[in-house]
Visitor: 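Dropping a structure here in structure tokens format, bear with me for questions.
On a predicted model such as this, the values are computed, not experimentally measured, just so you know.
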2 protein chains.
Amino acid sequence: MKKIAVVLSGSGFLDGAEIQESVITMLSLDRAGASYQCMAPDMDQMHVVNHFTGEVAEGEQRNVLVEAARIARTQIIDIASANPNEYDAVIFPGGYGAAKNLSNFAVKGAGSTVQEDVLQFSRAFAATGKPMGFVCIAPAMIPTIYGADAKLTIGSDAETAAAINEMGGVHVNCPVDEFVVDEERNLVSTPAYMLDMRISEVASGIEKLIHKIIEMTHGK
Amino acid sequence: MKKIAVVLSGSGFLDGAEIQESVITMLSLDRAGASYQCMAPDMDQMHVVNHFTGEVAEGEQRNVLVEAARIARTQIIDIASANPNEYDAVIFPGGYGAAKNLSNFAVKGAGSTVQEDVLQFSRAFAATGKPMGFVCIAPAMIPTIYGADAKLTIGSDAETAAAINEMGGVHVNCPVDEFVVDEERNLVSTPAYMLDMRISEVASGIEKLIHKIIEMTHGK
């Protein structure tokens, strides 16, 4: 059975992992006959957002790993303790957490960096040539992880695409129910909620990404 | 297009709504061609549980509606403001939130009550005879909402089943990928994570429940 790492960034799309994308990722992996291990960095969130009002909850603080455990039903580990050699593939669901916690892309744009534990794990994994999948805004981390010329999509937002290209990425526009493959790097990305569509359309793109990733773990 | 109310109880299975069950409910409804409106009571959670350690986070407090908005992507209303006549069906996903926030079944067992706003909405809806679906531990609220003799399942936990029967319910054992129907009341329930199975098995039971509920909205 293939074992896939799912890297979460909190719980809630405005300050953490996009919950629906994360659950659809886990469901798709289980349905594809793969096992998965959720992981997240043990760190404070950039901030906490009240998801009813959309406003920052001043003075409140939450931990990325502890909140991500809500989605994972407690079955989660600190990414700093994860061994890249134990996994056949890695998936990054989206949500602002990927751009606020796993990286600082939401604040720094083209000048962004990736959180140290996340960067160490994902660079080591990328070096093995095994497949990685990035959903929604998570592909904004690809240039930092893979270096220049990696092909990817975050949908069709021109400003975000320009920042990614400035970092050395090669952005390709893509609809919600499709994905983009960098065959050389075994790298797959899909826009999901970067294009504000129905949950079933988002699910369709993520399921296709997961099937492609599983296919890649079998060397196809 | 049928319009379905989805009643959430927070975000995270130990102190709120079971996230995976909630997302699978929404995805199944959208795939079945129905629209949905998430709602939750505007109240403090019974408590906050750290989902990484499983321990109560002493001194921390969160609001059920505000946390549920994380799952709903901000598209949620206060159940106190919801009009039962606007909906064709109502679904209650599970998680301890159904037994700690929407009701106090986790603390009071057979002596439990249902939160006032939730009870008012769901009793008014039950009186219309339109279908309601209950997932996981949420069926423990059925005797309070419907009165005696309603047929339901929470899986096969003997102690929980006994408490529900003591309240006037008629518990029927059921596997994770099936559901129980009370034809007289247009009432459907499925065990989901009350039976600690794989996410794909839980999804299978919830999808069948949703299909049955949608069928019932068409008068079949």
Visitor: Is there side-chain contact between A:Ile71 and B:Phe13, with heavy atoms separated by less than 4.5 Å?
Guide: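 No. Closest side-chain heavy atoms not under 4.5 Å.
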Visitor: Heavy-atom distances under 4.5 Å only: say whether A:Glu67 touches chain B with side chain, backbone, both or neither.
Guide: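 Side chain only.
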Visitor: What pair of heavy atoms forms the shortest contact from A:Leu14 to B:Thr74, and how long is it?
Guide: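 Where A:Leu14 meets B:Thr74 most closely, the heavy atoms are CD1-CG2, 4.1 Å.
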Visitor: Mind checking the CD1-CD spacing from A:Ile24 to B:Gln20? Nearest 0.5 Å is all I need.
Guide: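 These two atoms lie 11.5 Å from each other.
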Visitor: Can you establish whether the number of heavy atoms outside B:Tyr96 located under 6.0 Å from its atom OH is more than 12?
Guide: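 No.
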Visitor: If you round to the nearest 0.5 Å, how far is CZ of A:Phe52 from CG of B:Asp78?
Guide: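 So the CG of B:Asp78 and the CZ of A:Phe52 are separated by 7.0 Å.
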Visitor: Say whether, by atom type as modelled, one donor and one acceptor occur between the side chain of A:Arg198 and the main chain of B:Asp30 under 3.5 angstrom.
Guide: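 It does hold such a pair.
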Visitor: Rounded to the nearest 0.5 Å, what separates atom CG in B:Asn50 from atom CG in A:Asn63?
Guide: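 Nearest 0.5 Å value for the CG-CG distance: 8.0 Å.
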Visitor: Would you mind reporting whether B:Leu27 and A:Val23 have side-chain heavy atoms less than 4.5 Å apart?
Guide: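 A:Val23 vs B:Leu27: side chains apart.
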Visitor: Report, as yes or no, whether the 6.0 Å neighbourhood of atom NZ on B:Lys3 holds more than 12 heavy atoms from other residues, nucleotides or ligands.
Guide: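 Correct, the count exceeds 12.
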Visitor: Does the A:Arg70 side chain pair with the main chain of B:His51, one donor and one acceptor, at a distance under 3.5 Å?
Guide: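 Checked: no pair found.
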Visitor: At a 4.5 Å cut-off on heavy atoms, which part of B:Glu18 comes close to chain A: side chain, backbone, both, or neither?
Guide: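 Only the side chain of B:Glu18 comes within 4.5 Å of chain A.
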Visitor: Examine whether an atom of B:Val202 lies under 4.5 Å from a heavy atom of chain A, and if so say whether it belongs to the side chain, the backbone or both; otherwise answer neither.
Guide: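 When you check distances to chain A, no heavy atom of B:Val202 falls under 4.5 Å.
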Visitor: Side chain, backbone, both or neither: which part of A:Ser204 has an atom under 4.5 Å from a heavy atom of chain B?
Guide: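 Contact with chain B: backbone only.
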Visitor: At what distance, to the nearest 0.5 angstrom, does CG of B:Leu29 lie from OG of A:Ser200?
Guide: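 Here the interatomic distance stands at 11.0 Å.
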Visitor: Would the number of heavy atoms belonging to other residues, nucleotides or ligands and lying under 6.0 Å from OH of A:Tyr87 be above 12?
Guide: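 Yes, enclosed.
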Visitor: Rounded to the nearest 0.5 Å, what's the gap from CD1 on A:Ile19 to CD1 on B:Ile19? Could you check?
Guide: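 Rounded to the nearest 0.5 Å, the CD1-CD1 separation comes out at 4.5 Å.
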